Amino acid sequence: MTDTPVIGVLALQGDVREHLIALASADAVARPVRRPEELAEVDGLVIPGGESTTMSKLAVLFGMLEPLRERVAAGMPVYGTCAGMILLADKILDPRSGQETVGGIDMIVRRNAFGRQNESFEAAVEFAGVLGGPVDGVFIRAPWVESVGARAEVVAVHGGHIVAVRQGNALATSFHPELTGDHRVHALFTEMVRSVG
Ligand code: GLN
């Protein structure tokens, strides 16, 4: 791989455009990924925020669920925000019927844990591995992580709840750094992708 990794954004549903912009600012080549052939060509993948049940159903419909599981299991770097975090959880506490996960992080998530859409909020979040002070966490009907297994590392906590987790090449946040203009978390992820190549 060159110094400029190619990072896909799963483009089935959700805030794809914002991630493409954030990744480009973090010195990655960013492109939308909808099909297995497109997934095969990227060095890493972002799973955006949106609605996790819808995204999982579309992943099945587009023949993407198994390819996603395989690549994540094989160690492709992956970063999930909000709904994307839910998709990376090995277990969802309160899944809707037909809701599947890709898995990859040994954690249990609770959907909509921080409340309804109109209870969305922003907060400064200390993030292990991100230098230069706390990140501005935007929480929109956000999940939190109820518990993590031994292989997963908690990298951010807010209000006593786990809001960011890393396990090997997989990273997940309850909140949305792609909406803030501060691209340090995307830079961290780009670095994770670079170090695998
Ligand atoms: N509540 C949404 C879900 O369950 C996630 C919200 C978001 O991604 N902003 O998928």
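In each ligand, atom 1 is the first atom listed, and ligand 1 is the first ligand listed. Please read these numbers as outputs of a predicted model, since none were measured by experiment. Just the heavy atoms: all of them, side chains too, but no hydrogens, waters or symmetry mates, feed the values below.
- Atom 10 (O) of ligand 1 has as its closest protein heavy atom Ser52 N, 2.5 Å.
- Between the side chain of Arg166 and the backbone N or O of Val155 there is no donor-acceptor pair closer than 3.5 Å.
- Looking at ligand 1, you won't find any N or O of Gly49 less than 3.5 Å from one of its N or O atoms.
- Among protein heavy atoms, the minimum distance from atom 7 (C) of ligand 1 is reached at Cys82 SG, 2.7 Å.
- A donor-acceptor pair under 3.5 Å links the side-chain atoms of Thr101 to the main chain of Ala89, judged by distance alone.
- Using a distance-only test at 3.5 Å, with no hydrogens or angles considered, no donor-acceptor pair links the side chain of Arg34 to the main chain of Met64.
- Only the side chain of Ile86 comes within 4.0 Å of ligand 1, counting heavy atoms alone; its backbone N, CA, C and O stay farther away.
- Ligand 1 places these atoms under 4.0 Å from at least one heavy atom of Arg111: 4 (O).
- Under the 4.0 Å criterion applied to side-chain N and carboxylate O atoms, Glu51 and Arg111 are assigned as salt-bridge partners.
- Linking Ile, Leu, Val, Met, Phe, Trp and Tyr whenever their side-chain heavy atoms come within less than 4.5 Å puts Leu45 and Phe62 in one cluster.
- Within ligand 1, counting atoms from 1 as listed, the ones closer than 4.0 Å to a heavy atom of Glu51 are 3 (C), 4 (O), 10 (O).
- Residue His176 has at least one nitrogen or oxygen atom sitting less than 3.5 Å from a nitrogen or oxygen atom of ligand 1, judged on distance alone.
- When non-hydrogen atoms are compared, ligand 1 lies under 4.0 Å from the backbone of Arg141 as well as from its side chain.
- Remark: distances from the non-hydrogen atoms of Met55 to ligand 1 are all 4.0 Å or more.
- When each of His176, His186, His183 is paired with His19, the ring pair (Phe, Tyr, Trp, His ring centres under 6.0 Å) condition holds for His186 and for no other.
- Here the heavy atom of the protein found nearest to atom 5 (C) of ligand 1 is Gly50 O, 3.4 Å.
- Of all protein heavy atoms, the one closest to atom 1 (N) of ligand 1 is Asn112 OD1, 2.5 Å.
- At a threshold of 4.0 Å, the pair Glu191-Arg194 counts as salt-bridged, since one of the basic side-chain nitrogens sits closer than that to a carboxylate oxygen.
- For ligand 1, one of its N or O atoms has an N or O atom of Ile140 under 3.5 Å away.
- Both Val78 and Leu58 belong to a single network of hydrophobic side chains, linked directly or stepwise wherever heavy atoms of I, L, V, M, F, W or Y lie under 4.5 Å apart.
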